[in-house]
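This structure is a prediction, so every number in the text was calculated from the model and none was measured.
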Amino acid sequence: MRTSWLNGLYGQFDCILTNPPYIPTKDIPTLDPDVRDFEPHVALDGGPDGLFCYRFAPALLTDG
């Protein structure tokens with residue numbers, strides 16, 4: 001299944017494969033221009049601590 005974050009995801013999964021943004025918002029202006037000016041902002045910005053997207057995964061994973 002391919003989706004935009006959690007849109008359309010229901011139930012639990014054994015594995016979640018993703019390449020979420022992980023850069024803290026405050027660090028984006030300091031990135032190399034080849035990254036900062038090429039990648040869409042939404043692909044870079046991981047929120048205040050860079051871990052925004054990772055907080056949702058545990059609720060979607062099964063226990064085994």
Inset, instruction - Indicate yes or no: at least one non-hydrogen side-chain atom of P48 is less than 4.5 angstrom from one of P24. - result: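 P48 vs P24: side chains apart.
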
For residues 33-43, dump all side-chain donor-acceptor pairs below 3.5 Å to protein atoms at least two apart in sequence or in another chain.
| unit_1 | atom_1 | unit_2 | atom_2 | d |
| --- | --- | --- | --- | --- |
| R36 | NH1 | P29 | O | 3.1 |
| R36 | NH1 | L31 | O | 3.0 |
| H41 | NE2 | D45 | OD2 | 3.2 |

Inset, instruction - First locate atom CD1 of I23, then atom CD1 of I28, and finally report the distance between them rounded to the nearest 0.5 Å. - result: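 Reported to 0.5 Å precision, the distance equals 6.0 Å.
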
